[in-house]
Amino acid sequence: MSFKSLEVFYWVVTLNSFNKAAAKLHTTQPAVSQRVATLESQLGIKVLDRSSRSIKLTAKGRVLYDYAERFMALHAEMMQKVAEEQAISGVIRLGVAETIVHTWLVEFLEQCRRRYPSVTIDFVVDITPTLREELKSGELDMAFMLGPSQDDDLVETTLCSYELNFLSAPGMKLGKEPLSNSDIAAHPLITFPRRTYPYTFLRQELTTPEHGAPRIFTNWSLSTIVRMAEDGYGVCVVPRLAVLKEVEQGRLKVRNTQLELRDLTFAVAYARGSDEPTKAALAALACEIAKASTAGHRRRRRAAK
């Protein structure tokens, strides 16, 4: 029995899909099915119940899966202890929250290319709830997203925190600052989609029996949110650091408010598996770059005061 066959079996069961396991391992569904069949032949047992439509383990399959989990963890630990940087390789499917795209993602990709030339990164941009779901389903290998959360299925490490602000076009008349809740709610608000913290918090805090819920327009694209705010359509709620250029050029102005917003904290997250050494190395690099980026921003703000 080869370790590769055990790895294939582990991912079929973990992802509950032959197709997802094939995508995860960069192979084909027939090749995955053949691996599992070979494993069963070598052990002389059936590990999957073929009479079930979903992935269902037999009694012996459950025992084997328990061992497979331990083998995978031990293999990852071994690679982390003994592997050189040259051993960090593979294709990593990375999910990224757009705030990170507008801050230090390019620096991360450049440093990754220099330090780990055998790693290829394919990235997609989306909101955190979607990234988390795709990470847990195996469609993504890693993600830079809002977090960390209490999720035993993922390894999560804090990356950075960004102040969340109300911003608008400089010429927009909003009232005397600091703006009251009613001042804010009197204008359209533009922020991230419904399942994100800014939307849920604003709706909760600004809804009143007299006036109902505030007008909140949402979009997953930070660029779209910023453009609408620049054009005077409403007040946007985004991290100031993500729109630093627009603020410095006078296209957006930070507005002081009585309503306090909590910082947006981002984390790097990944699932355990055979490629854990590569993901752990990239996570450490992301933490290094995020920390340097945040520190540099703080120094520039102090110098500007």
Side-chain angles (χ1 to χ4, degrees), residues 73 76-136 138-164 192 196-197 222 238-242 244 262-302:
E77 181 183 339
M78 177 190 71
M79 291 297 292
Q80 283 183 286
K81 297 292 184 183
V82 305
E84 299 292 338
E85 285 193 355
Q86 293 86 342
I88 304 302
S89 62
V91 178
I92 296 294
R93 296 162 299 175
L94 174 66
V96 187
E98 194 175 4
T99 298
I100 304 301
V101 176
H102 288 259
T103 49
W104 49 263
L105 179 65
V106 171
E107 176 66 16
F108 169 79
L109 294 174
E110 290 179 349
Q111 289 291 337
C112 182
R113 179 175 56 81
R114 295 192 190 103
R115 196 174 301 186
Y116 306 115
S118 296
V119 172
T120 299
I121 295 181
D122 295 332
F123 73 91
V124 297
V125 181
D126 214 322
I127 59 174
T128 290
T130 301
L131 295 178
R132 186 169 293 277
E133 289 171 6
E134 294 183 350
L135 195 58
K136 296 180 74 171
E139 294 174 59
L140 292 175
D141 298 308
M142 293 183 67
F144 302 154
M145 59 188 182
L146 292 174
S149 67
Q150 300 298 319
D151 194 329
D152 293 336
D153 294 331
L154 301 174
V155 178
E156 295 194 51
T157 305
T158 300
L159 286 169
C160 52
S161 293
Y162 294 140
E163 181 183 348
L164 194 63
F192 301 110
T196 61
Y197 160 72
L222 182 62
V238 297
R240 179 183 182 276
L241 188 58
L244 192 59
R262 76 163 190 247
D263 291 353
L264 291 185
T265 299
F266 292 87
V268 53
Y270 59 87
R272 299 188 184 278
S274 60
D275 50 0
E276 190 169 346
T278 297
K279 293 185 287 191
L282 297 184
L285 177 61
C287 289
E288 175 187 321
I289 292 172
K291 182 178 179 180
S293 173
T294 304
H297 172 64
R298 287 173 181 163
R299 285 195 297 270
R300 288 194 297 272
R301 289 198 70 176
R302 284 198 297 267

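This chain uses plain numbering: 1 for the first residue, then up along the sequence. Predicted model, so just to flag it, every value in this text is computed and none were measured.
- No side-chain heavy atom of Val96 sits less than 4.5 Å from a side-chain heavy atom of Phe108.
- Interatomic distance, Thr158 OG1 to Lys291 NZ, rounded to the nearest 0.5 Å: 12.5 Å.
- Look at Arg93 and Asp122 and you find no salt bridge, because none of the NZ, NE, NH1 or NH2 atoms lies under 4.0 Å from a carboxylate O.
- Atoms SG and CG, on Cys112 and Leu282 in that order, are 5.0 Å from each other to the nearest 0.5 Å.
- Taking CG of Leu94 as the start and CG of Leu140 as the end, the distance is 7.5 Å to the nearest 0.5 Å.
- Shown here for Ala267 and Gly147, the closest heavy-atom pair between the two residues is CB-C, 3.8 Å.
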**Request:** Would you please test Met142 and Ile121 for side-chain contact (heavy atoms from CB on, under 4.5 Å) and show each step?
**Result:** CA-CA 10 Å; Met142 293 183 67; Ile121 295 181; over 6 Å; no
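- When all heavy atoms of Asp126 and Leu131 are compared, the pair lying nearest together is O-CD1, 3.6 Å.
- Here the CZ-CG distance, from Arg114 to Leu109, works out to 11.0 Å after rounding to the nearest 0.5 Å.
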**Message:** Could you go through Phe123 and Ile100, starting from their C-alpha distance and side-chain angles, then the distance that decides it, and tell me whether this counts as side-chain contact (heavy atoms from CB on, under 4.5 Å)?
**Reply:** CA-CA 12 Å; Phe123 73 91; Ile100 304 301; over 6 Å; no
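- Pro148 approaches Glu156 most closely through the heavy-atom pair CA-OE1, 3.2 Å.
- Among all heavy-atom pairs drawn from Ala281 and Tyr116, the shortest one is CB-OH, 3.7 Å.
- Remark: side-chain polar atoms of Glu163 are not paired, donor with acceptor, to backbone N or O of Arg240 under 3.5 angstrom.
- Residues Tyr197 and Leu164 have side chains in contact (heavy-atom distance under 4.5 Å, counting atoms from C-beta outward).
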**Request:** Would you please test Ile92 and Tyr270 for side-chain contact (heavy atoms from CB on, under 4.5 Å) and show each step?
**Result:** CA-CA 11 Å; Ile92 296 294; Tyr270 59 87; over 6 Å; no
**Request:** Quick one: do Phe266 and Trp104 satisfy ring pair (Phe, Tyr, Trp, His ring centres under 6.0 Å)? Show the steps, please.
**Result:** CA-CA 12 Å; Phe266 292 87; Trp104 49 263; 8.7 Å; no
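- Using modelled atom types, no side-chain atom of Ser293 and backbone atom of Ile289 make a donor-acceptor pair closer than 3.5 Å.
- The two residues Leu159 and Ala290 come nearest to each other via the heavy atoms O-CB, 3.6 Å.
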**Request:** Show the numbers, then the answer: is there a side-chain contact (heavy atoms from CB on, under 4.5 Å) between Leu264 and Leu146?
**Result:** CA-CA 7 Å; Leu264 291 185; Leu146 292 174; 3.9 Å; yes
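- Within the 4.5 Å cutoff, the side chain of Met145 has heavy atoms near those of the Leu135 side chain.
- With Ser161 contributing its side chain and Asp263 its backbone, the two residues share no donor-acceptor pair below 3.5 Å.
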